[in-house]
Amino acid sequence: MTKTPGQVYELIAANVQKVVRGKPQVVRLAVAALFSEGHLLIEDVPGLGKTTLARCLARSIGGTWNRIQFTPDLLPGDITGVQVYHQRDEKFAFHPGSVFANVVLADEINRGTPKTQSALLEVMSEQRVTVDAVRHDVPRPFLVIATQNPIEMAGTYRLPEAQLDRFLMRLRMGYPDRASEVLVVMSDRAGVDPDELEAVVDLPTLQSAITQVRAARIEHAVIDYATSITSSTRHHSEVRYGASPRGTIALVRAAQALAATYGRMFVTVDDIKEVAHPVLDHRLILKPEAELRQRKAEGIVADLLAEIPAPVAVTTVAGA
């Protein structure tokens, strides 16, 4: 029997939360990113479980997965693959890089050089690798989960701001509450290892859920509301570059996926509001004077959500 996206979410969330304690909303949004076929950037200080969350997600959905530890000496060819000459056959053959997997964990992406980061970002966008004019498609579904440490910036290469919108969402883990931290310690003492988690869904089931999510109903007025939010970022007095139409598409797709995690196949205004920060915050580039005033993109998005009136539904668009 075909599982609904809501059932798939429940299976993945329950599996991940065997290890990732006290972060149900982070897990929900991460699964929503998977349902959207978007890529996920997890950013926070060390020790909060960024890599653990990524490993648990990768293990839970089955398929193939690779982990790439970004370092300054990592080369683009290590990610994309290279042509190698075989003397016995007297011809070149393509040797795939680490990016050829259903789930790719790009750990500490800001420790890779800009050239290597660009190689990964290009594959994320194109979903293929081109070597010597020959195209090699990556497996589908294809998901990149990157982690980034925002401190200890010495010797690191910050991701280009203009290319951050290749990521559907940026999530932050945040510190756990006291009770959750106790459970984390108890799990560690019990030897719970993310790499020992069993897959709870297979690739066809995940792909079916992704297809169903794309067909979730969304009213025209809700799309118009999402567009109003993103277009307002472009005219805000404190913003140098606002969210692009790709940001609007991401906002709608993420809201469809979020609704599915709640067991609904229709999108509400509250879904748009709930994903607005993880989808839009990293897409805004503020003016220098705003940054001098310690303004953050989070504050600007919050202001827009408070100012822009919620719509009245009038028509329905299926499978937007």
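Quick note: numbers below take in every heavy atom, side chains included, and nothing from hydrogens, waters or symmetry partners.
Here the shortest heavy-atom pairing between Thr156 and Arg111 reads CG2-NH1, 3.4 Å. Between Glu108 and Thr147, the shortest heavy-atom distance links the atoms N-OG1, 2.8 Å. When every heavy atom of Val252 is checked against every heavy atom of Ala226, the shortest pair comes out as CG2-CB, 4.0 Å. Between Val20 and Lys23, the shortest heavy-atom distance links the atoms CG1-CB, 4.1 Å. Among all heavy-atom pairs drawn from Val275 and Ala254, the shortest one is CG1-O, 4.0 Å. Residue Ser228 comes nearest to Ser231 through the heavy atom pair O-OG, 3.2 Å, listed as atom of the first residue, atom of the second, then distance.
Side-chain contact between Ile42 and Thr51 is absent, with no heavy atoms from C-beta onward closer than 4.5 Å. The closest side-chain heavy-atom distance from Leu284 to Arg240 is not below 4.5 Å. Between Ile210 and Pro141, the closest side-chain pair of non-hydrogen atoms falls below 4.5 Å. Contact annotation: the side chain of Tyr9 approaches that of Val31 to within less than 4.5 Å [non-hydrogen atoms, C-beta and beyond]. Side-chain contact between Leu168 and Leu40 is absent, with no heavy-atom pair separated by less than 4.5 Å. Side-chain contact between His220 and Tyr225 is absent, with no heavy atoms from C-beta onward closer than 4.5 Å. The side-chain heavy atoms of Val27 and Gln17, taken from C-beta on, include a pair separated by under 4.5 Å. For the pair Arg67/Trp65, a side-chain contact is recorded, criterion being any heavy-atom separation below 4.5 Å from C-beta on.
Ser36 contributes a side-chain N or O that, together with a main-chain N or O of Ala32, makes up a donor-acceptor pair within less than 3.5 Å. Remark: the backbone N or O of Ala243 is paired with a side-chain donor or acceptor of Thr233 at under 3.5 angstrom. Although no hydrogens or angles enter the test, the distance criterion places a donor-acceptor pair under 3.5 Å between the side chain of Arg283 and the main chain of Val279. Not a single donor-acceptor pair under 3.5 Å links the side chain of Gln148 to the backbone N or O of Asp107. Of the possible polar contacts, none joining the Glu90 side chain to the Gln87 backbone as a donor-acceptor pair under 3.5 Å is found. Distance alone, capped at 3.5 Å, places no donor-acceptor pair between the Asn15 side chain and the Ile12 backbone. Looking at Gln117, its side chain does come within 3.5 Å of a backbone N or O of Gly112 through a donor-acceptor pair. Side chain of Thr130 to main chain of Ala133: no donor-acceptor pair is present (N/O by atom type, distance under 3.5 Å, no hydrogens or angles). Although no hydrogens or angles enter the test, the distance criterion places no donor-acceptor pair under 3.5 Å between the side chain of Ser208 and the main chain of Pro204. The main-chain N or O of Thr64 is found under 3.5 Å from a side-chain atom of Asn102 such that the two form a donor-acceptor pair.
With rounding to the nearest 0.5 angstrom, the CD1 atom of Ile229 is 11.0 Å from the CD atom of Glu307. Atoms OG1 and OH, on Thr113 and Tyr157 in that order, are 6.5 Å from each other to the nearest 0.5 Å. Atom CD1 of Ile272 is separated from atom CG of Leu251 by 4.5 Å, given to the nearest 0.5 angstrom. Interatomic distance, Asp281 CG to Ile300 CD1, rounded to the nearest 0.5 Å: 9.5 Å.
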> What do the steps show when you test Asp137 against Arg135 for salt bridge (charged side-chain N to carboxylate O under 4.0 Å, His left out), and what is the final call?
Replying inline: CA-CA 6 Å; Asp137 292 329; Arg135 167 177 161 169; 2.7 Å; yes
> Can Val84 and His86 be said to form a side chain to side chain contact (heavy atoms under 4.5 Å, CB included), step by step?
Replying inline: CA-CA 6 Å; Val84 176; His86 291 260; 4.3 Å; yes
>> Set out, in order, the CA-CA distance, both residues' side-chain angles and the distance that settles side chain to side chain donor-acceptor pair (under 3.5 Å) for Thr227 and Asp224, then state yes or no.
In response: CA-CA 5 Å; Thr227 306; Asp224 189 62; 5.5 Å; no
> Does the side chain to side chain donor-acceptor pair (under 3.5 Å) test come out yes or no for Arg140 and Gln127, once each step is laid out?
Replying inline: CA-CA 9 Å; Arg140 299 290 299 274; Gln127 298 193 331; 3.0 Å; yes
> Step by step, would you call Ile145 with His39 a side chain to side chain contact (heavy atoms under 4.5 Å, CB included)?
Replying inline: CA-CA 6 Å; Ile145 305 170; His39 304 292; over 6 Å; no
>> One pair to check against side chain to side chain donor-acceptor pair (under 3.5 Å): Asp270 and Thr268. What are the steps and the verdict?
In response: CA-CA 5 Å; Asp270 287 339; Thr268 68; 4.9 Å; no
> Could you walk me through whether Leu197 and Val16 pass the side chain to side chain contact (heavy atoms under 4.5 Å, CB included) check?
Replying inline: CA-CA 8 Å; Leu197 283 182; Val16 171; 5.6 Å; no
> Met265 and Thr4: side chain to side chain contact (heavy atoms under 4.5 Å, CB included), yes or no, with the steps?
Replying inline: CA-CA 10 Å; Met265 292 305 291; Thr4 66; over 6 Å; no
> salt bridge (charged side-chain N to carboxylate O under 4.0 Å, His left out) between Arg295 and Asp303: does it pass, once the steps are laid out?
Replying inline: CA-CA 12 Å; Arg295 283 284 278 168; Asp303 290 345; 3.0 Å; yes
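Judged by a 6.0 Å distance limit and a 45° cone about the ring axis, Arg214 is not positioned over the six-membered ring of Phe35.
Remark: Glu298 engages Arg172 in a salt bridge, criterion side-chain N to carboxylate O under 4.0 Å.
Under a 4.5 Å side-chain heavy-atom criterion applied to ILVMFWY residues, the cluster that includes Leu203 comprises that residue alone. The hydrophobic cluster around Ile68 extends to Leu41, Phe70, Leu74, Ile79, Phe94, Val99, Phe100, Val104, Ile109, Leu120, Leu121, Val123, Met124, Val129, Val131, Val138, Phe142, Val144, Leu159, Leu164, Phe167, counting ILVMFWY residues whose side-chain heavy atoms fall within less than 4.5 Å of a member. In the hydrophobic clustering, where aliphatic and aromatic side chains (Ile, Leu, Val, Met, Phe, Trp, Tyr) are joined below 4.5 Å either directly or transitively, Ile285 groups with Tyr241.
Contacts of Asp165 classified as side-chain hydrogen bond (donor to acceptor under 3.5 Å, both in side chains), with partners at least two apart in sequence or in another chain: Arg246. In this view, His282 satisfies the side-chain hydrogen bond (donor to acceptor under 3.5 Å, both in side chains) rule with no residue, not counting sequence neighbours. Looking at residues two or more places apart in sequence or on another chain, you find no salt bridge (Lys or Arg N to Asp or Glu O under 4.0 Å) involving Glu274.
For Glu122, the CD atom counts as loosely surrounded, since its 6.0 Å shell holds 12 or fewer non-hydrogen atoms of other residues, nucleotides or ligands. The environment of Lys3 atom NZ is sparse: at most 12 non-hydrogen atoms of other residues, nucleotides or ligands sit within 6.0 angstrom.
Leu305 and Val269 fall within a single hydrophobic cluster, where Ile, Leu, Val, Met, Phe, Trp and Tyr are joined by side-chain heavy atoms under 4.5 Å apart, directly or via other members. Under the 4.5 Å side-chain contact rule for hydrophobic residues, Phe266 and Val222 do not share a cluster. Connection of Ile249 to Val301 is not established within any shared hydrophobic cluster, with ILVMFWY side chains joined at heavy-atom distances below 4.5 Å, either directly or through further cluster members.
Residue Glu238 forms a salt bridge (Lys or Arg N to Asp or Glu O under 4.0 Å) with just one option from Lys287, Arg293, Lys296, and that option is Arg293.
Between the side chains of Thr261 and Arg28, at least one donor N or O lies within less than 3.5 Å of an accepting N or O.
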